[in-house]
Each structure stands twice: as C-alpha cells, then as structure tokens.
Amino acid sequence: MAEETQAVTATLVDARGEICPYPLIMTQRAMTALAPGERLKVLVDYPMSVEDIPRWAEGAGHRVLRVEKTGNALWEIEIEKG
C-alpha cells in the first residue's frame, strides 16, 4: 500500500539582511497569525538568530522542526506553532 503524504505549506519570513533583534521580532509577529499546527519558515543570515529564534520558539511552546544551513551565510529555520 502506498504511503500517503500531505504537503504542508509554511508561511515564510524573510529576515535576510536584518540584525538583532529584528529577525526574532519578525518571527514572533508572524507566529501570532498562525493557528496551532501551522508552520513558519524563517530565512536568516544573522548568526545570532540561528540560536535566538529556536530558543525563543521552544520556550514559547512551539516545536523547532529544523535548523539548516542552506548557503554560505544563510539558514532556514522551520517552526511548528504549538
């Protein structure tokens, strides 16, 4: 039997070029618009954001699905709203 997969659409926050605290603020604002279970993908190029955003998300009851370096100085952070 074939396994059924369902595509999950993630809202995108492009915080490239922003420095602390703006990537975190942009992430927090975007999360308020989501329903529980919806996902947010955040693009950042500011190294501290790679630590700050997942720490905030977990502390706020969300689930960090992945933090992945996708380019020279670019990371993708994917979060599921709790």
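- Ion pair Lys41/Glu78 not flagged as a salt bridge, since none of the NZ, NE, NH1 or NH2 atoms sits closer than 4.0 Å to an Asp/Glu carboxylate oxygen.
- Within the 4.5 Å cutoff, side-chain heavy atoms of Ile53 are placed close to those of Pro23.
- The CG atom of Leu65 lies 8.5 Å from the CD1 atom of Ile79; values are rounded to the nearest 0.5 Å.
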Val64 vs Glu58, test: side-chain contact (heavy atoms from CB on, under 4.5 Å). Steps then yes/no.
CA-CA 7 Å; Val64 177; Glu58 290 175 348; 3.8 Å; yes

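- Proximity of Leu24 to Ser49: side-chain heavy atoms (C-beta onward) are nowhere separated by under 4.5 Å.
- A distance of 9.5 Å separates CZ in Arg39 from CZ in Arg66, rounded to the nearest 0.5 Å.
- With values rounded to the nearest 0.5 angstrom, Asp45 atom CG is found 11.5 Å from Lys69 atom NZ.
- If you take NZ on Lys81 and CZ on Arg63, they are separated by 15.5 Å, rounding to the nearest 0.5 Å.
- In this structure, Leu43 and Val13 have side chains that are not in contact, with every pair of non-hydrogen atoms separated by 4.5 Å or more.
- Contact of the Thr32 side chain with the Gln28 side chain is not registered, since no non-hydrogen atoms from C-beta on lie closer than 4.5 Å.
- Closest approach of Glu51 to Pro54, counting heavy atoms only: O-CD, 3.6 Å.
- For the atom pair CE of Met26 and CE of Met31, the computed distance is 14.5 Å after rounding to the nearest 0.5 Å.
- To the nearest 0.5 angstrom, Leu34 atom CG is 6.0 Å from Leu40 atom CG.
- Under a hydrophobic-cluster definition in which Ile, Leu, Val, Met, Phe, Trp and Tyr are linked whenever side-chain heavy atoms come within less than 4.5 Å, directly or via other members, Val67 and Tyr46 are assigned to different clusters.
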Check the pair Trp56, Thr27 against side-chain contact (heavy atoms from CB on, under 4.5 Å), reporting the backbone distance first and the verdict last.
CA-CA 10 Å; Trp56 166 80; Thr27 300; 3.9 Å; yes

